[in-house]
J.: 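Starting off with a structure, shown below.
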Amino acid sequence: MKSLEAIRSDFPILSATVHGKPLVYLDSAATAQKPEVVIRAVDELHRTMNANIHRGIHYMAEETTARYEAARERVRALLNAASTREIVFTSGATQSINLVATSFGDKYIRQGDNILITEMEHHSNIVPWQIVAERWGAEVRVIPFDETGALRLDLLPELMDEKTRIVAVTQASNVLGTMPDLRKIIDLAHARDIPVLVDGCQGVVHTRTNVQALDCDFYAFSGHKLYGPTGIGVLYGKEKWLAALPPYMGGGDMVQTVTIPRGTTFAELPLKFEAGTSNYIGAIALGTAIDYLNDLDSEWIHSHEESLLRHVTEQLQLRVEGIRIYGSTPGKSPIVSFTVEGTHPADIGMIVDKLGVAIRTGTHCAEPVMTHYGTTAMCRLSIGLYNTKEEMDVAVAAIQRAAAMLR
């Protein structure tokens, strides 16, 4: 197992300075930094192996296609999907969820039906369902959470009924860190023959995910949060569902035959959902990021991040007067969202930035969570595998200083 110092040396940006201070990057939930091997993979592919996939018979086209499909196998293994036919490359989790919402909605959702989501979802797992519900005259129902950030799963039996067509739930809240009991949700839904989509953006980074053991029907995540490049994402779907759903977009690579005026037959899975030129370089580099993570000890990563979360939470509560931390469920992901009495999160964020500390402020694309707690914004500190205890102490000191200045 690599030392933490060696891991940090793999990420070039961590040696940067901000406003003359060493960078302390605590915004990995928004986007994770990239190791050198991923950066190099993108550069090498552009320099030496850039050719469109699935179309050409020349060497570079065939080699790039082989690498693209090898990356699909890496994703399949990461999620323990049954087949690469169940792995669709998208531009990110947002497109993945919109794909399911649109295609599933067009086929299965009609007036009087309902879609069940939770109060803690990212906007990307709310807005697509609202659009579909409005289009077809359906209802969006919401599972609320309590003051600790735990979902009120006791309400599930009354929220699910014979008109519930799908459940969409996060694996880990990007604000509260809450990791809901997905097996309980999925088991209850499947007992009523209701499929479940899981937003895995925050979950896949911090916990091992086995979609077959989980038994979810759809699973979405973004590459840039998993130490990969931006502009690439994944949709896992059980083959029976992907085979049944209509295509999300039309164009090249998702067709088998096209005739005028008779019509079109579609390609086999998963290409049926990969219209146009895919981000093949992003997909291959995502495979590189997965390889990088596979070379590390996942249990060490989990223990390390958990230790940092515990330390920074304790220190913030001890040293920052008037702080309120949101989300205190056991086993939460390494995220700390907070406000400080008498201050605005944006002001905290701007001051700590001058001290070299990068945190996130705002609604975090989860406005219903803000509404639940009666606030308009929060500060958020999110931990990656490359962070250190010393960085936690620097961040706490910066937040303490900012809070004292503003009060």
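Note that this is a predicted model, so its numbers are computed, not measured. All residue numbers refer to positions in the sequence shown, counting from 1.
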J.: Do side-chain atoms of Arg360 reach the backbone of Leu26 as a donor and acceptor pair under 3.5 angstrom?
T.: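 Not at all, since once roles are kept as given, no pair shorter than 3.5 Å links the two residues.
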J.: Scan side-chain atoms only and decide if Asn174 and His122 contain a donor-acceptor pair under the 3.5 Å cut-off.
T.: no
J.: Run the salt bridge (Lys or Arg N to Asp or Glu O under 4.0 Å) test on Glu268 and Lys272 for me, step by step, so that the C-alpha distance in whole Å, both residues' side-chain angles and the decisive distance to 0.1 Å come before the verdict.
T.: CA-CA 6 Å; Glu268 292 293 314; Lys272 170 183 167 184; over 6 Å; no
J.: Take Arg192 and Asp161 through the test salt bridge (Lys or Arg N to Asp or Glu O under 4.0 Å) and record every step on the way to the result.
T.: CA-CA 8 Å; Arg192 296 175 178 263; Asp161 60 26; over 6 Å; no
J.: For Tyr373 together with Phe145, are the ring centres under 6.0 Å from each other?
T.: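 They qualify: ring centres under 6.0 Å apart.
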J.: For the residue pair Tyr68 and His54, does the interplanar ring angle fall in the parallel (under 30°), tilted (30 to 60°) or perpendicular (over 60°) class?
T.: perpendicular
J.: In this structure, are over 12 heavy atoms from other groups packed under 6.0 Å from Leu296 atom CG?
T.: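 Atom CG in Leu296 is crowded, with more than 12 foreign heavy atoms closer than 6.0 Å.
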J.: Thr170 side chain to Ala172 main-chain N or O, any donor-acceptor pair under 3.5 Å?
T.: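 At least one qualifying donor-acceptor pair exists.
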J.: Indicate yes or no for a side-chain donor-acceptor contact from Glu86 to the backbone of Ala82 under 3.5 Å, with no hydrogens or angles considered.
T.: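 Flag set: sc Glu86 to bb Ala82 pair under 3.5 Å.
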J.: Before you tell me yes or no, could you show the steps for Tyr386 and Tyr227 under ring-ring contact (aromatic ring centres under 6.0 Å, His included), namely the whole-Å CA-CA distance, both residues' side-chain angles and the distance that decides it to 0.1 Å?
T.: CA-CA 11 Å; Tyr386 36 56; Tyr227 308 99; 5.7 Å; yes
J.: For a salt bridge (Lys or Arg N to Asp or Glu O under 4.0 Å) check, start with the C-alpha distance between Asp27 and Arg380, then their side-chain angles and the critical distance, and finish with the verdict.
T.: CA-CA 8 Å; Asp27 196 20; Arg380 185 187 69 189; 3.5 Å; yes
J.: Between Arg8 and Glu5, does at least one N-O distance fall below 4.0 Å, as a salt bridge requires?
T.: no
J.: With salt bridge (Lys or Arg N to Asp or Glu O under 4.0 Å) as the criterion, how do Glu391 and Lys389 come out once you've worked through the C-alpha distance, each side chain's angles and the decisive distance to 0.1 Å?
T.: CA-CA 5 Å; Glu391 287 182 320; Lys389 183 179 178 182; over 6 Å; no
J.: Looking only at the side chains, is there a donor atom on one of Asp10 and Tyr292 sitting less than 3.5 Å from an acceptor on the other?
T.: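 A pair is found: one side chain offers a donor N or O, the other an acceptor, under 3.5 Å apart.
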J.: Taking the inter-plane angle between the rings of Trp241 and Phe218 on a 0 to 90° scale, is it parallel (under 30°), tilted (30 to 60°) or perpendicular (over 60°)?
T.: tilted
J.: Whether the Thr363 and Glu367 side chains hold a donor-acceptor pair (N or O, under 3.5 Å, no angle test) is what I'd like checked.
T.: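 Looking only at side-chain atoms, Glu367 and Thr363 do not form any donor-acceptor pair under 3.5 Å.
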J.: Arg72: what forms a salt bridge (charged side-chain N to carboxylate O under 4.0 Å, His left out) with it, not counting sequence neighbours?
T.: Glu69, Glu274
J.: Strictly by modelled atom types, are Gln171 and Thr209 linked by a side-chain donor-acceptor pair under 3.5 Å?
T.: yes
J.: In terms of side-chain heavy atoms, does Asn387 have a donor or acceptor partner in Tyr25 at a distance below 3.5 Å?
T.: no
J.: Closer than 3.5 angstrom, by distance alone: can the side chain of His344 be matched with the main-chain N or O of Ala346 as a donor-acceptor pair?
T.: yes
J.: Hydrogens and angles aside, do Thr31 and His224 bring a side-chain donor and acceptor to less than 3.5 Å of each other?
T.: yes
J.: I want to know whether Phe221 and Tyr236 have ring centres closer than 6.0 Å.
T.: no
J.: Do Asp295 and Lys2 sit within salt-bridge range, that is, some charged N less than 4.0 Å from a carboxylate O?
T.: no
J.: Do you know which of His304, Glu306, Glu305 makes side-chain contact (heavy atoms from CB on, under 4.5 Å) with Pro334?
T.: Glu305
J.: I'd like to know if the side chain of Thr178 pairs up with that of Ser173 as donor and acceptor (distance under 3.5 Å, no hydrogens or angles considered).
T.: no
J.: Tell me if a side-chain donor or acceptor on Ser103 pairs with a main-chain N or O of Val100 at a distance below 3.5 Å.
T.: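 Side chain of Ser103 to backbone of Val100, a donor-acceptor pair under 3.5 Å: no, none is there.
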J.: Do Glu62 and Arg55 sit within salt-bridge range, that is, some charged N less than 4.0 Å from a carboxylate O?
T.: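 Salt bridge between Glu62 and Arg55, a charged N being under 4.0 Å from a carboxylate O: no.
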